[in-house]
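Right, one structure below, let's go through it.
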Amino acid sequence: MKAMIIRRFGGPEVFEEGEVTKPKLLPGHVLIKVKATSVNPVDYKIRKFGPPIAPAFPAVLHGDVSGIVEEVADNVSAWKKGDEVFGCVGGLVGTGGALAEYILADERLIALKPKNLNFVESAVLPLVSITAWEGLFEKGNLQAGNKILITGGAGGVGHIAVQLARWAGARVFATVTEPVKRELVLKLGAEAVSGRSESEIQRRALEQFGTADFDLALDTGGGSGFETAIAMVKRKGKAITINASGTFDLGKAHSKSLDLAVVFMLIPLLHNEGREKHGLILKEISRLAEAEILKPVVDPEIFSWRKIGEAHKKLEEGRSFGKIAVVIE
């Protein structure tokens with residue numbers, strides 16, 4: 001089958017069109033005819049840096065997928081040929097990726113795609129939705145009425161987290177970097193937005209909530225964003241990040257006795273544990289999308305898979321508005 005592959009790690013130029021073996025059906029799996037995928041930071045990090053979670057060469061990358069079930073293993077009863085599904089299912093060590101005509105998927109990792117979304121819109125949801133869900137509800141135990149700070153509210157995970165937190169009844173405050181993103185995040189359900197500086201966050205929070213202390217904070221970028229999350233949370237609150245790489249002084253967290261948490265949603269894929277949870281989360285995400293409570297924001301420029309290097313470059317350079325989608329033609 002045709003695929004966009006890499007034979008070495010490096011820049012966006014390492015992608016090339018090639019032929020790889022079509023996946024063989026395994027027990028507990030389905031074969032999906034790929035319609036679309038999306039670009040996440042983990043995809044370009046694997047392409048750029050490689051091990052320890054990279055697939056073997058010639059490597060087919062990308063975990064997010066939407067498509068149509070083509071074949072079903074004999075011991076699988078939940079799915080049938082022709083089902084339109086979505087999920088984050090591969091592109092890692094030991095698995096094939098979605099930059100190919102077909103991808104093999106563990107039946108536990110997928111859900112029926114939302115009926116009111118097309119394949120492109122569905123393909124951008126899995127990784128970011130699962131990450132946001134785990135951060136808000138599993139790590140953060142978000143409750144109605146909580147005041148939450150979401151850093152990077154217009155980003156991939158951030159724009160989903162804003163909508164989920166609003167749905168849960170929280171009072172949402174988000175940081176953004178550009179006026180157009182400010183309008184987007186307010187439209188998605190944030191009560192207030194500000195720039196990244198702690199002083200501006202405090203000022204706007206005081207204006208909106210009457211207090212500058214948040215019950216919890218979800219950082220969607222890492223680095224200074226995690227430090228901001230720690231600084232803004234009240235005593236005995238929670239600060240959660242999806243990117244804990246870097247060096248941090250946790251003195252502020254210690255002085256406030258904070259609960260700190262990290263989300264790494266790839267654990268079930270890498271270690272084959274708790275995969276059912278991903279399917280259940282995506283089932284709920286699909287329900288919320290069909291109820292028009294949750295809407296993915298897709299970058300206006302839709303890429304062909306043969307232009308995947310350009311798609312990676314756009315995300316790496318920070319030029320995207322919403323999630324970048326890639327169509328498998």
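Nothing here was measured: the structure is a model prediction, and the numbers come from that model. Residues: numbered from 1 along the sequence shown.
- Taking both residues in full, the closest heavy atoms of Cys88 and Pro126 are given as N-CB, 3.6 Å, listed atom of the first, atom of the second, then distance.
- Summarising the geometry, atom CZ belonging to Arg166 is positioned 11.5 Å from atom CD1 belonging to Ile150; distances are rounded to the nearest 0.5 Å.
- With contacts defined as side-chain heavy-atom distances shorter than 4.5 Å, the pair Glu121/Asn118 qualifies.
- Cluster membership for Leu99 and Ile46, using ILVMFWY side-chain heavy atoms within less than 4.5 angstrom, is shared.
- As a member of the Ile/Leu/Val/Met/Phe/Trp/Tyr network built from side-chain separations under 4.5 Å, Phe209 groups with Leu149, Phe173, Ile201, Phe214, Met232.
- Residues satisfying the salt bridge (charged side-chain N to carboxylate O under 4.0 Å, His left out) criterion with Lys181, sequence neighbours excluded, are Glu178.
- A donor-acceptor distance shorter than 3.5 angstrom exists from the side chain of Arg275 to the backbone of Leu269, with no hydrogens or angles considered.
- Side-chain contact check for Glu200 and Ser194: no donor-acceptor pair (N or O, by modelled atom type) lies under 3.5 Å.
- Look at Glu207 and Arg203 and you find a salt bridge, because one of the NZ, NE, NH1 or NH2 atoms lies within 4.0 Å of a carboxylate O, short of that distance.
- By the criterion of side-chain heavy atoms lying less than 4.5 angstrom apart, applied directly or through intervening Ile, Leu, Val, Met, Phe, Trp or Tyr residues, Leu127 is not grouped with Val120; the two fall into different hydrophobic clusters.
- Remark: Lys313 does not engage Glu316 in a salt bridge, criterion side-chain N to carboxylate O under 4.0 Å.
- Between Leu136 atom CG and Thr131 atom OG1 the span is 10.5 Å, to the nearest 0.5 Å.
- Closest heavy-atom contact between Leu112 and Phe86: O-CE2, 3.3 Å.
- Between the side chain of Asn40 and the main chain of Asp43, no donor-acceptor pair closer than 3.5 Å is present.
- A donor-acceptor pair under 3.5 Å links the side-chain atoms of Asn75 to the main chain of Gly28, judged by distance alone.
- With hydrophobic clusters built from ILVMFWY side chains whose heavy atoms lie under 4.5 angstrom apart, Val72 shares a cluster with Leu31.
- In this structure, CG on Asp259 lies 7.0 Å from OG on Ser257, to the nearest 0.5 angstrom.
- Each of Lys238, Arg171, Lys234, Lys236 was scored for a side-chain hydrogen bond (donor to acceptor under 3.5 Å, both in side chains) with Asp215, with one residue passing: Lys234.
- A 4.5 Å side-chain heavy-atom check between Ile110 and Leu282 finds every atom pair outside the cut-off.
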Any chance you could lay out the side chain to side chain contact (heavy atoms under 4.5 Å, CB included) test for Ile68 and Asp83, step after step, and finish with the verdict?
CA-CA 6 Å; Ile68 302 172; Asp83 283 340; over 6 Å; no

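- Checking side-chain atoms of Lys22 against main-chain N and O of Tyr102 turns up no donor-acceptor pair under 3.5 Å.
- In this structure, Glu329 places its CD atom where more than 12 heavy-atom neighbours from other residues, nucleotides or ligands lie under 6.0 Å away.
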Going through the checks in order, is the side chain to side chain contact (heavy atoms under 4.5 Å, CB included) test met by Val172 and Val185?
CA-CA 10 Å; Val172 183; Val185 173; over 6 Å; no

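- Side-chain polar atoms of Asp299 and Ser320 form no donor-acceptor pair below 3.5 angstrom.
- Side chains of Leu117 and Leu125 form a contact here, defined as non-hydrogen atoms less than 4.5 Å apart.
- Heavy atoms of other residues, nucleotides or ligands lying less than 6.0 angstrom from CZ of Arg204 number more than 12.
- A salt bridge is absent between Glu70 and Lys33; no separation between the charged side-chain nitrogens and carboxylate oxygens falls under 4.0 Å.
- Lys323 and Ser38 share a donor-acceptor pair across their side chains, judged by distance under 3.5 Å alone.
- Put simply, the side chain of His159 gets close to the backbone of Val297: a donor and an acceptor are under 3.5 Å apart.
- Between His312 and Tyr44, the angle of the ring planes goes over 60°, which puts this pair in the perpendicular group of the 30/60° scheme.
- Looking at Arg306 and Lys2, their side chains come closer than 4.5 Å, going by heavy atoms from C-beta outward.
- To the nearest 0.5 Å, atom OG1 of residue Thr211 and atom CD of residue Gln202 are 10.0 Å apart.
- Within the 4.5 Å cutoff, the side chain of Ile324 has no heavy atoms near those of the Glu301 side chain.
- No side-chain heavy atom of Asp219 sits less than 4.5 Å from a side-chain heavy atom of Ile230.
- Side-chain atoms of His29 and Glu71, non-hydrogen and from C-beta on, never get closer than 4.5 Å to each other.
- Within 6.0 Å of NZ in Lys314 there are more than 12 heavy atoms belonging to other residues, nucleotides or ligands.
- Distance check: Ile103 CD1 to His62 NE2 gives 11.0 Å after rounding to the nearest 0.5 Å.
- The heavy-atom pair separating Leu61 from Pro55 by the smallest distance is CD2-CG, 3.8 Å.
- Aromatic ring centroids of Phe226 and Phe248 lie under 6.0 Å apart.
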side-chain hydrogen bond (donor to acceptor under 3.5 Å, both in side chains), that's the test. Do Thr37 and Asp64 meet it? Break it down for me.
CA-CA 5 Å; Thr37 184; Asp64 276 347; 6.0 Å; no

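- Using a distance-only test at 3.5 Å, with no hydrogens or angles considered, no donor-acceptor pair links the side chain of Glu191 to the main chain of Gln208.
- Between the side chain of Thr95 and the backbone N or O of Gly91 there is at least one donor-acceptor pair closer than 3.5 Å.
- Summarising the geometry of Phe9 relative to Phe49, their closest heavy-atom pair is CG-C, 4.4 Å, with the distance given to 0.1 Å.
- The cluster map of Ile, Leu, Val, Met, Phe, Trp and Tyr, joined by side-chain heavy atoms under 4.5 Å apart, puts Ile6 and Leu315 in the same cluster.
- Within a 6.0 Å sphere centred on NZ of Lys277, other residues, nucleotides and ligands contribute more than 12 heavy atoms.
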Yes or no on side chain to side chain contact (heavy atoms under 4.5 Å, CB included) for Asp213 and Val233, after CA distance, side-chain angles and deciding distance?
CA-CA 6 Å; Asp213 288 333; Val233 172; over 6 Å; no

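- Phe264 contributes atom CZ, which lies 5.5 Å from atom CD1 of Ile267 (distance to the nearest 0.5 angstrom).
- Using modelled atom types and a 3.5 Å distance limit, the side chains of Thr241 and Asn243 yield no donor-acceptor pair.
- Looking at every heavy atom in both residues, Leu184 comes nearest to Ala154 through CD2-CB, 4.4 Å.
- Contact between Gly135 and Val263 at its shortest, heavy atoms only, is CA-CG2, 3.6 Å.
- Of the possible donor and acceptor atoms, none in the side chain of Arg8 sits under 3.5 Å from a partner among the backbone N and O of Val14.
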Could you go step by step and tell me if Glu290 and Arg287 meet the salt bridge (charged side-chain N to carboxylate O under 4.0 Å, His left out) rule?
CA-CA 5 Å; Glu290 289 179 355; Arg287 184 188 73 81; over 6 Å; no

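- Put simply, Leu216 and Val262 are part of two different groups of oily side chains (I, L, V, M, F, W, Y) that touch within less than 4.5 Å, one to the next.
- Between His278 and Met265, some side-chain heavy-atom pair lies under the 4.5 Å cut-off.
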Any chance you could lay out the side chain to side chain contact (heavy atoms under 4.5 Å, CB included) test for Val39 and Phe303, step after step, and finish with the verdict?
CA-CA 10 Å; Val39 188; Phe303 290 87; over 6 Å; no

